[in-house]
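The next block holds one structure in the form of structure tokens; read it before the comments.
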Amino acid sequence: MLKLRQYKSCDAQAITSWLRNEYAFRQWSADRYEKYPITAENMNSYYSQYSDEDLYKLTAVDENGIIGHLTIRFVDEKRKIARLGFVIVDDTKRGQGYGKQLVLSALKYAFDELKADKVTLGVFENNTPAIQCYLSCGFKIVEKEIPESYQCMGETWNCIEMEVVL
């Protein structure tokens with residue numbers, strides 16, 4: 001059974017090891033990191049810019065160790081709209097339901113612990129497995145007049161906006 005706990009700097013070694021190619025890395029991080037590959041030190045340095053109240057960094061563990069990671073941050077002043085980010089599951093454990101468990105656990109945490117009214121996320125349209133996972137967790141696609149897009153690997157990648165409202 002998966003449990004969420006606070007991220008520890010030592011988790012970065014495992015998490016960064018799951019990013020085995022630049023394509024997966026960019027699907028996970030967009031342009032948040034300057035270059036691929038990143039190290040545990042890069043990840044911890046990035047996270048050190050944020051207080052624990054500005055960015056909730058969570059690691060998913062089971063009886064065998066670390067299996068996933070994500071962040072939650074509020075995007076409004078009233079702290080009612082939470083946004084998931086950096087969602088990742090150990091690449092050797094994908095397709096076994098851990099992603100769904102991770103996202104459902106994050107939703108429970110956001111609604112029950114953080115008292116959010118809505119949880120949002122953005123996912124690249126080229127990340128079909130993630131989109132299917134989010135839909136299975138109750139997320140709905142939000143149509144945007146102009147989709148958010150990023151320049152990744154010489155291409156324009158469009159983001160799909162999704163949300164769950166309490």
Side-chain angles (χ1 to χ4, degrees), residues 1-19 24-30 32-33 38 40 43-44 46-142 144 148 150 159-166:
M1 186 66 183
L2 176 147
K3 288 184 354 182
L4 288 180
R5 65 157 168 77
Q6 294 301 311
Y7 169 85
K8 300 175 187 174
S9 59
C10 60
D11 298 344
Q13 192 66 48
I15 296 163
T16 57
S17 77
W18 304 333
L19 301 163
F25 169 70
R26 291 295 169 204
Q27 283 185 317
W28 174 71
S29 68
R32 298 301 186 256
Y33 291 92
I38 62 166
M43 187 173 181
N44 286 322
Y46 180 85
Y47 281 165
S48 72
Q49 302 172 70
Y50 301 95
S51 74
D52 288 342
E53 293 79 38
D54 289 333
L55 188 68
Y56 297 86
K57 302 166 285 282
L58 302 168
T59 298
V61 297
D62 70 4
E63 61 279 355
N64 297 313
I66 299 170
I67 58 168
H69 171 72
L70 56 72
T71 62
I72 303 174
R73 65 184 170 91
F74 283 102
V75 295
D76 66 320
E77 285 185 24
K78 293 181 180 179
R79 298 178 66 86
K80 291 297 181 184
I81 303 172
R83 188 161 184 89
L84 302 186
F86 293 117
V87 180
I88 191 167
V89 171
D90 179 341
D91 62 322
T92 66
K93 296 184 182 337
R94 292 193 185 137
Q96 299 177 40
Y98 287 110
K100 185 172 183 174
Q101 287 181 53
L102 172 63
V103 172
L104 290 173
S105 295
L107 287 171
K108 182 172 176 40
Y109 185 85
F111 290 132
D112 295 352
E113 302 297 322
L114 302 179
K115 306 300 183 199
D117 292 335
K118 178 166 57 173
V119 177
T120 68
L121 60 80
V123 58
F124 286 120
E125 63 188 6
N126 63 6
N127 195 346
T128 305
I131 295 166
Q132 292 305 314
C133 176
Y134 301 140
L135 289 169
S136 76
C137 292
F139 278 87
K140 305 285 185 233
I141 295 174
V142 177
K144 292 184 85 171
E148 186 177 349
Y150 293 83
C159 238
I160 295 173
E161 184 71 15
M162 302 182 86
E163 70 181 22
V164 172
V165 179
L166 187 61

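The analysis underlying the following values was restricted to heavy atoms, covering all of them including side chains, and did not include hydrogens, waters or symmetry mates. This one's a predicted model, so the numbers in the text were calculated from it and none came from an experiment.
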Item to check | Aromatic ring proximity F86/Y7, centre distance under 6.0 Å | outcome: no
Kindly list each side-chain donor-acceptor pair under 3.5 angstrom involving residues 65-77, sequence neighbours excluded, with atom names and distances?
{"unit_1": "H69", "atom_1": "ND1", "unit_2": "L58", "atom_2": "O", "d": "2.8"}
{"unit_1": "H69", "atom_1": "NE2", "unit_2": "Y47", "atom_2": "OH", "d": "2.6"}
{"unit_1": "T71", "atom_1": "OG1", "unit_2": "G85", "atom_2": "O", "d": "3.2"}
{"unit_1": "D76", "atom_1": "OD1", "unit_2": "R79", "atom_2": "N", "d": "3.4"}
{"unit_1": "D76", "atom_1": "OD1", "unit_2": "K80", "atom_2": "N", "d": "3.0"}
{"unit_1": "D76", "atom_1": "OD1", "unit_2": "I81", "atom_2": "N", "d": "2.9"}
{"unit_1": "D76", "atom_1": "OD2", "unit_2": "K80", "atom_2": "N", "d": "3.1"}

Checklist entry - Would you say W18 and K93 make side-chain contact, with heavy atoms under 4.5 Å? => result no
Checklist entry - Is W28 close to I38 at the side-chain level, that is, under 4.5 Å between some pair of heavy atoms? => result yes
Item to check | Criterion side chain to side chain contact (heavy atoms under 4.5 Å, CB included) on L19 and M43, from CA distance to verdict | outcome: CA-CA 12 Å; L19 301 163; M43 187 173 181; over 6 Å; no
Checklist entry - If you round to the nearest 0.5 Å, how far is CG of L2 from OG of S105? => result 5.0 Å
Checklist entry - Would you say Q13's side chain and C10's backbone share a donor-acceptor pair under 3.5 angstrom? => result no
Checklist entry - Between I131 and F139, is any pair of side-chain heavy atoms under 4.5 Å apart? => result no
Next on the checklist: I need the minimum non-hydrogen distance between Y33 and R26, along with the two atoms involved.
Outcome noted: O-NH1, 2.8 Å
Checklist outcome for this item: Note: Y46 and Q49 closest approach over all heavy atoms is O-NE2, 3.0 Å
Next on the checklist: Using side-chain heavy atoms (C-beta onward) and a distance below 4.5 Å, is K8 in contact with T59?
Outcome noted: no
Next on the checklist: How long is the straight-line distance from NZ of K78 back to CG of D117, given to the nearest 0.5 Å?
Outcome noted: 10.0 Å
Checklist entry - Do you know which two heavy atoms are closest between A110 and A82, and how far apart they sit? => result CB-CB, 4.4 Å
Next on the checklist: Please find the pair of heavy atoms, one from M162 and one from V123, that lie closest to each other, and give the distance.
Outcome noted: SD-CG1, 3.8 Å
Next on the checklist: Within this structure, what is the CD-CG distance for the pair Q132 and N127, rounded to the nearest 0.5 Å?
Outcome noted: 10.5 Å
Checklist entry - Hey, are the side chains of F111 and V164 touching, using non-hydrogen atoms and a 4.5 Å cut-off? => result yes
Checklist entry - Considering only heavy atoms from C-beta outward, does the side chain of K144 approach that of I160 to under 4.5 Å? => result no
Next on the checklist: Does any part of the side chain of Y98, heavy atoms only, come nearer than 4.5 Å to the side chain of D90, both counted from C-beta?
Outcome noted: no
Checklist entry - Would you say S51's side chain and D54's backbone share a donor-acceptor pair under 3.5 angstrom? => result yes
Item to check | Side chain proximity check, Y134 to L84, heavy atoms < 4.5 angstrom | outcome: no
Checklist entry - Which heavy atom in C133 sits nearest to a heavy atom in K100, and how many Å separate them? => result SG-N, 3.6 Å
Checklist entry - Quick one: ring-ring contact (aromatic ring centres under 6.0 Å, His included) partners of Y109, sequence neighbours excluded? => result none
Checklist entry - Would you say E163's side chain and K118's backbone share a donor-acceptor pair under 3.5 angstrom? => result no
Next on the checklist: Pair L4, L102 - check side chain to side chain contact (heavy atoms under 4.5 Å, CB included), show working.
Outcome noted: CA-CA 8 Å; L4 288 180; L102 172 63; 3.8 Å; yes
Checklist outcome for this item: Taking every heavy atom of T16 against every heavy atom of A40, the minimum-distance pair comes out as OG1-N, 4.0 Å
